Enquirer: 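One structure, pasted below without further comment.
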There are 2 protein chains.
Amino acid sequence: MTLEKAFDPRLATGETTVTGRDVEMLRAIDRFGSMHRAAAKLGRSYPHLQRRVVELEDEIGQLTRRERGGTDGGGTRLTAEARDLIRQFERLRVELAGVTTVPESIIRGTVREQYGELATVRTAAGEITARVPAATEEVEIAVRADAVVLMEPHSPPHSHTSLRNQLSGVVSDLAVGDATATVTVEIADGVGLTSVVTAESVDRLDLAAGTDVIAAFKTTAARGTPLDA
Amino acid sequence: MTLEKAFDPRLATGETTVTGRDVEMLRAIDRFGSMHRAAAKLGRSYPHLQRRVVELEDEIGQLTRRERGGTDGGGTRLTAEARDLIRQFERLRVELAGVTTVPESIIRGTVREQYGELATVRTAAGEITARVPAATEEVEIAVRADAVVLMEPHSPPHSHTSLRNQLSGVVSDLAVGDATATVTVEIADGVGLTSVVTAESVDRLDLAAGTDVIAAFKTTAARGTPLDA
DNA sequence: CGGCGTTGTGTCGACATAGATATATCGTCG
DNA sequence: CGACGATATATCTATGTCGACACAACGCCG
C-alpha cells in the first residue's frame, strides 16, 4: 500500500481563507472577462460565485472592478491585488508540491544535546545537527533531496561554509534523467541519503555507482520528528 | 493585508485519502484504548468514527485490532501499520510546515535557455539555473532560506560541489535568534537572498551587516513559477 | 443468568454547501 | 424607449456530512 503525499494549499487571513477553488474562480474571471461566463465555464452557479467574490473582497480588499450596463452589458476585471494574490497562491502551490515531489531521506537517531530549536542527534552515520522540537528523545530526521549538496571527497575541508553536516559515503544508486539525476549515497550501513542534482553535476563530480563523495546539508534543512508520543 | 500560508496535508491512495482528522482519530484510539472513549474525547459520534475506521481499513489494510466482550468490555488497539501511517503523516506535516515557516526569496527573471525541466534564467543578479516549467518566459524564482548556503568570499572556488548557483553579495540584514539566524544577502541592487543558518555559522563565517559573502544554492532547490499565464 | 462496557449497525434530523430558478437593476445602443 | 448582456439578490431544493438515538452482538464476571 503506497500512500501518496498530497495537500490543499490555502491563504489564510483572520476570517476567511482563500482556497484553490477561489483562485481558479479569479483566474476564470480574468480569462473570460465576466463572472457569468466564468461561472458557465467552471460549471458552477452564478449566484454563489458572485457572492463568493463579494465575500472575499469584504475580507481581503478590492479584487475586481465590476461594471454593469454599457454596450457589452458590462463585465468584471481583476485588480492588480487580485493578480498578486494569484501569484502568491501559485508560488505556495509550487513550493508545497516540491515537498511531495522531491524524495526525502529519513535517518533515525537519538537526541544528545538540545540548543533551543536545534539539537545534535546521534545516528548510525555519526552526529547530525538538525531542527528538533524540544523535549524529544528518539527522532526521525528528514532531509529533502534538493537540500543535499554533493562534494568531491578530496577537496579541501569546507569549514568556511554554513554546511554543518558533511557525511562521507559511497554512491550506491544513480538514476540520470532528462536534466537532473537522483543520487543515493550510502553514508552508513543501510543508511542512504538521496540527493537530486543536475546531470551536469554528475559529470563534473564524476559520479558513478561506487564513487566516494561527501553529502552535505545545512542544519536548518534537517527536520526531526518525534518517534515516541 | 497579510495572507498567511497554510495547507491541509493528506495521504492519498487511489480511492480514499487520509486526512488530519483521520490521524487525530487514530491517535485518540491509541491513547484511550477504545473507539468509544476516543469518540467521546474528540467530541464526535461513535457511529461515524467506527464507520470511518472500517472504511479506512477496507482501503489501506488492517489498522486496528478491535475486540468486544471480555472483562473490560473489549477495546481497540492500533497495529504497527497504523503507527507507521501516523508517523508518515507527521513527517509530511512537518515538511509542509517548513514551507510556510521558512522565509523564501523571490527573484524575477527571463528564461534564456531551457534544458528539460531546468533552465537558465537571466536576473538582476546574473544568470541563475533553476527548475522551470516548460514554455515560460518571465518567471519568479523562489528559493527557500534553508537551502541557501553561505560561504566565505575568498575561499577557493567551489567548483567541486553540486552548488551551481553561487552569487556574491553583502550582508544587508542579520537577525540572530535563539540558535539560528536569518541572514539577508544583497546580491544585486534591491535583490535580497535570505538564508537561515545556525548561530554558530554566523560566528564561524564572521557575519555582520556589511560582510562580503557568497550565497549559494542548488539548481534543483530553485523553483520558477510563470509570471504571465 | 443478568450486568457491563465494548464493538457493530440502522436510521433520523440538523446543518452547511452549492446548483437551479426567478427577478430586479444598470447603462449603452439602435 | 425597448433590447441586450452584464451585475445583484432572494429563495427553493438536492446533496453530503455528522451528531443523536436506538438496538443487537459479544464475552467475561459476579
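Throughout, a chain's letter reflects where its sequence line sits, starting with A, and its residues are numbered from 1. Atoms considered below: every heavy atom in the structure, side chains included; atoms not considered: hydrogens, waters and symmetry mates. None of these values were measured; they are calculated from a predicted model.
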Enquirer: With a 4.0 Å cut-off on heavy atoms, is B:Gly70 in touch with a base, just the backbone sugar-phosphate, or nothing at all?
Expert: base
Enquirer: C:dA18 P sits how many Å from A:Asp22 CG, rounded?
Expert: 10 Å
Enquirer: Distance-only, no hydrogens or angles: does the B:Asn165 side chain make a donor-acceptor pair with backbone N or O of B:Thr129 under 3.5 Å?
Expert: yes
Enquirer: May I ask you to verify whether the side chain of A:Arg68 and the base of D:dT7 hold a donor-acceptor pair under 3.5 Å?
Expert: yes
Enquirer: Tell me: CZ of A:Phe32 to P of D:dG5, nearest whole Å?
Expert: 18 Å
Enquirer: Checking B:Thr79 side chain against B:Ala82 main chain: does a donor-acceptor pair fall under 3.5 Å?
Expert: yes
Enquirer: Indicate, with a heavy-atom threshold strictly under 4.0 Å, whether A:Gly74 touches base, sugar-phosphate, or nothing.
Expert: sugar-phosphate
Enquirer: Could you write out each protein N or O paired with an N or O of nucleotides 10-17 of chain C at a distance under 3.5 Å?
Expert:
from   : atom 1 : to      : atom 2 : distance (Å)
C:dG10 : N7     : B:Arg51 : NH2    : 3.0

Enquirer: Atom CD of A:Gln50 and atom P of D:dA10: how far apart are they, to the nearest Å?
Expert: 10 Å
Enquirer: Whole-Å distance between C:dT7 P and B:Gln62 CD?
Expert: 15 Å
Enquirer: Which residues pass the ring-ring contact (aromatic ring centres under 6.0 Å, His included) test with B:Tyr115, not counting sequence neighbours?
Expert: none
Enquirer: Report the C-alpha distance between A:Glu95 and B:Glu104 in whole Å, list the side-chain angles of each, state the deciding distance to 0.1 Å, and finish with yes or no for side chain to side chain contact (heavy atoms under 4.5 Å, CB included).
Expert: CA-CA 10 Å; A:Glu95 288 283 306; B:Glu104 64 179 4; 3.2 Å; yes
Enquirer: Counting side-chain heavy atoms from C-beta on, which of D:dA6, D:dA20, D:dT9 comes nearest to B:Ser45?
Expert: D:dA20
Enquirer: Checking A:Thr64 against A:Arg66: is there a side-chain donor and acceptor pair closer than 3.5 Å?
Expert: yes
Enquirer: Just the rounded figure in Å: distance from P of C:dG5 to CG of B:Asp72.
Expert: 11 Å
Enquirer: Using only side-chain N and O atoms of B:His36, determine if any of them is under 4.0 Å from OP1 or OP2 of C:dG5.
Expert: no
Enquirer: Give a yes/no answer on whether the side chain of B:Arg66 brings an N or O atom under 4.0 Å of OP1 or OP2 in C:dG8.
Expert: yes
Enquirer: Side chain of A:Thr76: nearest nucleotide among D:dC29, D:dT7, D:dA8?
Expert: D:dT7
Enquirer: Quick check: do B:Thr136 and B:Val139 have side-chain heavy atoms less than 4.5 Å from each other?
Expert: yes
Enquirer: Need one value for B:Arg37: base, sugar-phosphate or nothing, where a base atom within 4.0 Å counts as base even if backbone is also close, heavy atoms only.
Expert: sugar-phosphate
Enquirer: Tell me whether B:Arg108 is salt-bridged to B:Glu138, with the criterion being a basic N under 4.0 Å from an acidic carboxylate O.
Expert: no
Enquirer: Write down the distance between CE (A:Met35) and C1' (C:dT25), rounded to a whole number of angstrom.
Expert: 13 Å
Enquirer: Nearest whole angstrom, please: distance from the P of C:dG8 to the CZ of B:Arg65.
Expert: 13 Å
Enquirer: In this structure, how many angstroms lie between the P atom of C:dG19 and the CE atom of A:Met25, rounded?
Expert: 12 Å
